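Heads up: the structure comes next, in C-alpha cells.
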Amino acid sequence: MTRARFLQYLAGWALFFMALPLRAFSGVRVRPVNDMAPRFTVPEGATLPITPVKDFYVEDISGVPAKVKQGTAGWTLHISGQVQKPLTLSPEDFKQRKQVTRIITLSCIGNPVGGHAIGNAEWRGVLLSSLLKEAGVDDSAEWLTFHGADGYHETLPLSEAMKPSGLLATHMNGKPLTRDHGRPVRLLIPGLYGIKQVKWITRMEVTSDWRAGYWHEKGWSREARVQVFSRIDLPKSGEWFQRGEQEIRGIAFAGDRGIDRVEVSWDGGKTWQVAEMEKPLSPWSWVFWRKRVEFERGGRYTVMVRAADQYSRVQDNTRRDPFPAGTTGYHKVEFRVY
Ligand SMILES: Nc1nc2c(c(=O)[nH]1)N[C@H]1C(S)=C(S)[C@@H](COP(=O)(O)O)O[C@H]1N2
Ligand SMILES: [Mo]
C-alpha cells in the first residue's frame, strides 16, 4: 500500500467512527485505533462562562497513565536537547516559580458542528516561554517536542512556544489538575486545538528537527490552528415555543484571534442579523452572543449562526468533517412556534 492509500484508509476509518452520533451521548468509552472521540455530555441548561471541571470534555489516546494513577510524588519534567542548561523540575519546583493565571478555551479538533468537546477554564501555572528562557534555547534550534506519560507526543515551532500566552498549567479552576485533565502538568497554547495541548508532560526536547505529532502521523492537521466556531445553545433542537419574543443564544470561538462579529439567521440562511456579544473573559476565551427575536407566526423555524474572527475571517459554511483540520460548517437548530 502506498502512503497516500494508507492515509486514505486511516481517514476512512476516522470518518466512520466519528459518524456514530450515539457515541457522543453514551459516555461509554470505546476506543478503536485512530479514532479521535472526545467524551462529552450535552448540558441541560445554558452554557456557563467557565466550564466546571466535571462537565469538561476529556480526550486522550489511552486514559490516565499508570504512572499518574500511582501518584505524582516522584514526578519530574525534563527540559533537554538544544539548550544551555537542561532542567529537571518537580511539582514543587513549579510552585516556586512565578504563577500566571489565564482563561483559555480548549477545543478538540474532533469536535463536531454544534458539539461540546470544547470548554473554558481558568488555568494556572508557569509561562512556557519563561522556562525555555531559563533553559537557554540554542539559536540553531527550531522545534519543541512534548512527551506525555502515556506515550503521546506533539511538536511545536519554537516561535509558537515562545509566545507569551503559552502556559504549563498545574491548576484548573483554582484546584490542582485532575488526573483526567493532565495532572501534574499540561500544556495550554492559545489558538491551537487540543491535539497540541499535551497532558501529563514528562519531557520537553528542543531540537532542530521536526517530528510528526501522534495525530499528525494519522493524517490530522500539522498546525492544528483553531477554525472559527459558533454554536447555538438555546433554543434546543425540537423545542416548541409560544408565539412572541424568544431569545436565541450561544457561544463563538476563534482561538487567539478573538471574535469580531456573530450573525444569526432564522429563515434558514436567507437573511442574517448581527447578534449582541458579551465581552470575552480573556483574549483566548469563547464569547457569549444573544439575539432577541419576535416570532409572530407559528410554524417551523431553522436558526443558524455564523461568526467572524478579528481578522475578518468569516466562518466557512462548508460542512467539513472534523478530520483532518477541524470542522467549519454552520450550526443549525430547528424548533417550532405555535
Ligand atoms: N498526553 C496526552 N495529552 C493529550 C492527549 C493524549 O491523548 N495524551 N490528547 C490531546 C487531545 S486530542 C485533546 S482534545 C486534549 C483534551 O484535553 P482534556 O482531556 O483536558 O479536555 O488533550 C490533548 N493532550
Ligand atoms: Mo482532541
Side-chain angles (χ1 to χ4, degrees), residues 14 17-18 23-24 27 29 31-41 50-69 72 75 77 104-112 115-125 128 145-156 166-173 175-205 212-227 229 253 255 286 321-327:
F17 285 117
M18 282 181 307
R23 295 170 44 73
R29 196 163 169 121
R31 195 159 288 284
V33 193
N34 302 327
D35 174 25
M36 170 117 45
R39 287 178 282 153
F40 63 83
T41 49
I50 297 283
T51 314
V53 175
K54 66 169 176 42
D55 299 331
F56 208 102
Y57 84 94
V58 176
E59 156 76 33
D60 41 59
I61 53 168
S62 51
V64 177
K67 195 172 162 181
V68 176
K69 285 187 183 151
T72 52
W75 186 277
L77 189 163
I104 301 171
T105 298
L106 181 63
S107 169
C108 181
I109 195 169
N111 192 31
H116 287 258
I118 177 169
N120 194 33
E122 187 188 84
W123 311 91
R124 193 177 91 207
L128 172 62
T145 301
F146 296 81
H147 298 267
D150 56 347
Y152 192 80
H153 55 92
E154 253 305 337
T155 301
L156 288 179
L167 204 62
L168 286 173
T170 54
H171 289 69
M172 182 179 185
N173 296 351
K175 298 230 173 74
L177 285 172
T178 59
R179 292 166 167 190
D180 272 339
H181 293 294
R183 180 187 298 177
V185 59
R186 70 147 334 138
L187 179 66
L188 284 151
I189 296 262
L192 306 180
Y193 279 119
I195 206 170
K196 294 280 175 185
Q197 323 286 357
V198 180
K199 307 195 274 191
W200 313 297
I201 304 171
T202 53
R203 200 154 60 84
M204 283 161 50
E205 202 183 345
Y214 179 92
W215 286 111
H216 183 61
E217 281 170 346
K218 293 170 170 58
W220 291 79
S221 165
R222 169 171 155 165
E223 280 77 28
R225 199 157 291 285
V226 170
Q227 309 261 17
F229 176 84
F253 180 54
W286 61 22
D321 193 273
F323 181 86
T327 188

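Position 1 is the first residue of the sequence, and the numbers go up from there. All ligand and atom numbering here is 1-based and tracks the order in the structure. Atoms considered below: every heavy atom in the structure, side chains included; atoms not considered: hydrogens, waters and symmetry mates. Computed from a predicted structure; not experimentally measured.
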If you measure from [atom1] on [X] to [atom2] on [Y], what distance do you get to the nearest 0.5 Å?
X	Y	atom1	atom2	result
Tyr193	Glu59	OH	CD	13.5 Å
Ile109	Trp220	CD1	CH2	6.0 Å
Glu223	Lys196	CD	NZ	7.0 Å

Residue and atom name of the nearest protein heavy atom (relative to atom 23 (C) of ligand 1), distance in Å to one decimal: Gly194 O, 3.0 Å
Protein contact to atom 12 (S) of ligand 1 [nearest heavy atom, distance to 0.1 Å]: Glu59 CG, 3.3 Å
Geometric class of the His153/Tyr214 ring pair [parallel <30°, tilted 30-60°, perpendicular >60°]: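 The rings of Tyr214 and His153 stand perpendicular, inter-plane angle above 60°.
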Geometric class of the His116/Phe40 ring pair [parallel <30°, tilted 30-60°, perpendicular >60°]: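 It falls in the tilted class, 30° to 60°.
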Closer than 4.0 Å to some heavy atom of [X] - which atoms of ligand 1 meet that?
X	value
Phe56	21 (O)
Cys108	14 (S)
Leu106	17 (O), 21 (O)
Ile61	6 (C), 7 (O)
Asp150	1 (N), 2 (C), 6 (C), 7 (O), 8 (N)
Asp60	6 (C), 7 (O), 9 (N)

Nearest neighbour of atom 17 (O) of ligand 1 from the list His181, Arg186, Gln197, on a heavy-atom basis: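 Going through His181, Arg186, Gln197 one by one, Arg186 has the nearest heavy atom to atom 17 (O) of ligand 1.
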Closest to atom 5 (C) of ligand 1 (judged by heavy-atom distance), picking from Tyr193, Tyr57, Tyr152: Tyr152
Leu156 and Leu187: CA distance, side-chain angles, deciding distance, side chain to side chain contact (heavy atoms under 4.5 Å, CB included) verdict: CA-CA 11 Å; Leu156 288 179; Leu187 179 66; 4.1 Å; yes
Heavy-atom gap Glu154 to ligand 1 smaller than 4.0 Å: no
Before signing off on this row, confirm whether [X] and ligand 1 have an N or O atom pair separated by under 3.5 Å.
X	answer
Ile109	no
Ser107	no
Lys199	yes
Trp200	no
Trp215	no

Met36 and ligand 1 - part of the residue with a heavy-atom distance under 4.0 Å: side chain
